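Below: the structure, in structure tokens.
Here the structure is a predicted model, which means the values were calculated and not measured.
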Amino acid sequence: MEETMYAYLDKYQILHVVNEKELAEKYALNKKIVEVDIEEEHGYPVINKQSVVYYAEDGAAFIYGNRTDKRAKQIVTPEEITKIVNKLK
């Protein structure tokens, strides 16, 4: 049986995906969470086997780390992330 995953935007409007509903509710901006069918790595969504750090405030998505990480690379926001974030707004 696959685990239910929950997505939320934190107070910095960064997208997270976790398997604990209580954790998502605790840190979710405006207490909004959605069930998602997506994998996670260290609390971030995984798209095409890459952990993606997504900043909803300016619509920026990064792989290989967050925007302050020197090796991070900005990517076009994956459609899956756009769909999730639209449900959280």
Side-chain angles (χ1 to χ4, degrees):
M1 185 175 115
E2 283 196 26
E3 207 167 16
T4 302
M5 304 301 282
Y6 303 92
Y8 67 95
L9 294 171
D10 69 13
K11 65 182 178 181
Y12 304 107
Q13 294 193 40
I14 298 171
L15 180 65
H16 294 279
V17 175
V18 295
N19 62 2
E20 295 177 50
K21 188 174 184 179
E22 295 76 24
L23 187 71
E25 288 170 338
K26 180 177 178 182
Y27 292 106
L29 182 70
N30 303 327
K31 302 293 177 213
K32 276 187 123 174
I33 65 170
V34 292
E35 279 189 27
V36 292
D37 182 20
I38 197 168
E39 291 182 34
E40 64 84 28
E41 185 176 286
H42 306 296
Y44 296 104
V46 172
I47 309 289
N48 298 326
K49 297 185 172 83
Q50 290 284 350
S51 179
V52 178
V53 180
Y54 180 76
Y55 298 87
E57 194 168 42
D58 41 43
F62 293 83
I63 55 174
Y64 311 125
N66 65 30
R67 71 167 112 210
T68 60
D69 196 324
K70 285 183 175 34
R71 55 188 196 99
K73 177 183 171 206
Q74 189 165 359
I75 59 169
V76 173
T77 302
E79 191 179 334
E80 299 96 318
I81 287 182
T82 302
K83 286 178 181 174
I84 292 167
V85 171
N86 284 343
K87 291 177 185 172
L88 290 168
K89 287 187 172 175

- Verify side-chain contact (heavy atoms from CB on, under 4.5 Å) between Leu9 and Ile14, making sure each step is shown before the conclusion. CA-CA 5 Å; Leu9 294 171; Ile14 298 171; over 6 Å; no
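Placement of Ile75 and Leu15 within a single hydrophobic cluster is found when ILVMFWY residues are connected by side-chain heavy-atom separations under 4.5 Å, directly or transitively. Transitive grouping of hydrophobic side chains (ILVMFWY, heavy atoms separated by less than 4.5 Å) keeps Tyr54 and Val46 in distinct clusters. Using a 4.5 Å cut-off between side-chain heavy atoms of Ile, Leu, Val, Met, Phe, Trp and Tyr, with links allowed through other members, Tyr55 and Val85 fall into different hydrophobic clusters.
Taking 4.5 Å as the limit, every side-chain heavy atom of Pro78 sits out of range of all side-chain heavy atoms of Asn48. A heavy-atom distance below 4.5 Å is not found between the side chains of Val17 and Tyr6. Residues Ile84 and Val34 form a side-chain contact, since some pair of their non-hydrogen atoms from C-beta on lies under 4.5 Å apart. For the pair Asn19/Glu40, no side-chain contact is recorded, criterion being any heavy-atom separation below 4.5 Å from C-beta on.
Within a 6.0 Å radius of CD in Gln13, more than 12 heavy atoms belonging to other residues, nucleotides or ligands are found.
Between Ala7 and Leu88, the shortest heavy-atom distance links the atoms O-CD2, 3.7 Å. Of all heavy-atom pairs between Gly59 and Thr77, the closest is O-OG1, 3.4 Å.
In this structure, the side chain of Asp10 engages the main chain of Tyr12 through a donor-acceptor pair within 3.5 Å. In this structure, the side chain of Glu20 does not engage the main chain of Leu23 through any donor-acceptor pair within 3.5 Å. Listed for the His16 side chain is no donor-acceptor partner under 3.5 Å among the backbone atoms of Tyr44.
Of the candidates Val36, Val18, Leu29, Val18 is the only one forming a side chain to side chain contact (heavy atoms under 4.5 Å, CB included) with Tyr8.
Residue pairs meeting the side chain to side chain donor-acceptor pair (under 3.5 Å) criterion with at least one member in residues 59-76, sequence neighbours excluded: Asp58-Arg67, Asn66-Thr68. Legend: side chain to side chain donor-acceptor pair (under 3.5 Å) pairs involving residues 26-35, not counting sequence neighbours: none detected.
Partners of Asn86 under the side-chain contact (heavy atoms from CB on, under 4.5 Å) rule, at least two apart in sequence or in another chain, are Thr82.
For the atom pair CD of Glu80 and CG of Asp37, the computed distance is 10.5 Å after rounding to the nearest 0.5 Å.
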